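First up is the structure itself, then whatever we jot down about it.
Atoms within each ligand, like the ligands themselves, are counted from 1 in listed order. These numbers were taken from a predicted model, which means no experiment stands behind them.
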Amino acid sequence: MKFGGTSVGSAQRMKNVAELIKQQSQGERVIVVLSAMAGTTNTLLQIADYLKVGNKSAATELVNSLEKQYIAVCQELGIDYVLKAFFSNMRSICMQPYTTQTEKEIVAYGEMMSTTMLSCYMQVPMVAALDYMRIDENAEPDMAEIAKRLQEALAKYNEEKILITQGFICRNSQGMVDNLKRGGSDYSASIIGGLLEADEIQIWTDIDGMHNNDPRYVDETRPVPQLSFAEAAELAYFGAKILHPTCILPAKMHNVPVRLLNTMDPSAPGTLINNDYKKGRIEAIAAKDGIAVVRVHSDRMLMAYGFLSRIFAIFEKYKTSIDLITTSEVAVSMSIDNLEHIGDILSELKALGTVSLDTNLSIISVVGDLQCNNLGFEAKVIEALKTIPVRMISYGGSDHNISILVQADDKVRALQTLHKAIFV
Ligand code: ADP
Ligand code: ASP
Ligand code: MG
């Protein structure tokens, strides 16, 4: 059972979560994965930002005001103030010279504090994620290492029904504190649930499941009762914030169903993600921001083999993954969401052809049964977008996705018109 930031966002919410865990776990063994309290990760990152620019006093002030909040939460929970050491550590980090490690050390306190408090309040043991969660040199979870260490860590608690652990945080291949990127607690839960071959991975959040469109931008969205692993993975990767982009993978690998549930309305059915695949239906729409498109145009591409592989080798060299691709006989367009090495990539691509870069785009993904023999499904999508400039369309890569690239400014309008055309 994984609980997100809002689900543990106040003392009252923590009490509710404790009750929920007890009710749900009757007779079953449960591993509880917690995020930091809502807002805390952002505050910790702000502290690191102050330290980065050398403003120690602003950083320390933020640590002090955060501590006041946490003292109040502990009081309301009726537990001792168990976070003293965490805050004094944070203050001493504030006094040390800033390194690239500082931010990772600081941001890890969010999950350590929420779990320490709930473990104290519920009087159940806590298993330290830093003892077992590992990423490799490529910042990917090191599954073999995690499996081994997790077994070791859990062996001490064979008799316990409920255990609490931290989401998000881990150690890297050098053994230093690191994390699974923003929203990574979902990933922790899926890695743990997958490796232990749990009956189910439950992601408890502030909404009643995966909705058929982004509820932050579109009215009258509704929860999708069931999705296949592939559909859920596409939605998460292409922007449905309710799930961390890669968190479906470990669950799928071990065939463990994932259930998205609402802490504020525990009896709502939510969304079940498993191997079943509903035919003949478009399930949901999602959008991902911060997309750029690189286009390479070259007459040398005409009837030539090996051209694409030379282009892809450049992206590979700079560890930049390509999301969408469209080609014509003399040009190829590729979307990316990581501009860290774009300068180097563009200059190397220039040896292959004329290169252009478009930024500030969004990918809209329509996900469901989009096999080509479902006549009219693509037409419906294209028709809905007739008043919106479309930069790129990717269809046919899989049977369950059509992705459209639009200007970021047109994203909300695109989500809304698609919603009307497909679901209303
Ligand atoms: P948590 O803190 O529990 O991890 P998140 O904020 O990461 O929760 O994810 C839940 C939020 O995701 C919802 O409140 C909602 O605003 C947003 N969201 C975006 N797209 C969707 C979608 N398709 N279905 C449900 N929620 C979505
Ligand atoms: N606390 C982390 C974040 O805010 C991880 C998570 O909540 O999933 O990104
Ligand atoms: Mg989240």
Filtering Lys2, Met37, Lys241 for the heavy atom nearest atom 6 (O) of ligand 1 leaves Lys241

Review point. Should we say atom CD of Glu220 is surrounded by more than 12 heavy atoms from elsewhere, each under 6.0 Å from it?
Key: no

Is ligand 1 less than 4.0 angstrom away from at least one heavy atom of Asn213? yes

In the structure I gave you, are the side-chain heavy atoms of Met133 and Ile191 within less than 4.5 Å of one another anywhere? yes

Numbered in order shown, the ligand 1 atoms found under 4.0 Å of a heavy atom of Met210 are 23 (N), 24 (N)

Note: ligand 1 atoms sitting under 4.0 Å from heavy atoms of Ile207 are 13 (C), 25 (C), 26 (N)

Quiz item: Do Asn158 and Arg29 meet the criterion of a side-chain donor-acceptor pair at a distance under 3.5 Å?
Solution: no

Looking at ligand 1, is there an atom of it that comes within less than 4.0 Å of some heavy atom belonging to Arg222?
no

The protein heavy atom nearest to atom 21 (C) of ligand 1 is Pro215 CD, 3.4 Å

*Proximity flag Gly209 to ligand 1, non-hydrogen atoms under 4.0 Å*: yes

Heavy-atom nearest pair, Leu20 first then Trp204, reads CD2-CH2, 3.4 Å

A student checking ligand 1 against Arg216 at a 4.0 Å heavy-atom cut-off should list atoms 16 (O), 19 (C)

Donor-acceptor under 3.5 Å (Gln123 side chain, Cys120 main chain): yes

With a 4.0 Å cut-off on heavy atoms, does Ser35 reach ligand 1? no

Atom 3 (O) of ligand 1: closest protein heavy atom, distance to 0.1 Å, is Thr205 OG1, 2.7 Å

Under 3.5 Å, N/O to N/O: give me all the pairs between ligand 2 and the protein, one per line with atom names and distance.
residue	atom	partner	partner atom	Å
ligand 2	1 (N)	Thr41	OG1	2.8
ligand 2	1 (N)	Glu111	OE2	2.6
ligand 2	4 (O)	Thr41	OG1	3.3
ligand 2	4 (O)	Arg182	NH2	3.0
ligand 2	7 (O)	Ser35	OG	3.1
ligand 2	8 (O)	Gly183	O	3.4
ligand 2	8 (O)	Gly184	N	3.4
ligand 2	8 (O)	Ser185	N	3.0
ligand 2	8 (O)	Ser185	OG	3.2
ligand 2	9 (O)	Arg182	NE	2.7
ligand 2	9 (O)	Gly183	N	2.8

heavy-atom search around atom 2 (O) of ligand 1 in the protein gives Gly5 N, 3.1 Å

Between Leu415 and Tyr217 the two heavy atoms that sit nearest each other are CD1-CD1, 3.9 Å

*Using the ring of Tyr237 (Phe, Tyr or Trp, six-membered ring only), decide whether Lys288 places NZ or CZ under 6.0 Å from its centre and within 45 degrees of its axis.*
yes

TODO: Go through the side-chain N and O atoms of Glu234 and Asn401 and say whether any donor and acceptor fall under 3.5 Å apart.
DONE: yes

- Mark yes when over 12 heavy atoms from residues, nucleotides or ligands other than Arg281 sit less than 6.0 Å from its CZ; otherwise mark no. no

Paired with Tyr121, the side-chain contact (heavy atoms from CB on, under 4.5 Å) test is passed by just one of Ile79, Thr116, Ile164, namely Ile79

So for His244 against ligand 1, with non-hydrogen atoms under 4.0 Å, the contacting part is neither

The option among Asp206, Ile242, Ile203, Thr6 carrying the non-hydrogen atom nearest to atom 13 (C) of ligand 1 is Asp206

Which of Leu83, Ile93, Ile47, Leu66 passes side-chain contact (heavy atoms from CB on, under 4.5 Å) with Tyr109? It is Ile93

Report task. Just say parallel, tilted or perpendicular for the rings of Phe87 and Tyr70, cut-offs at 30° and 60°. Result -> tilted

**Request:** Give a yes or no on whether a salt bridge exists between Arg91 and Glu67, defined as a side-chain N under 4.0 angstrom from a carboxylate O.
**Result:** yes

closest protein heavy atom to atom 23 (N) of ligand 1 is His211 O, 3.2 Å

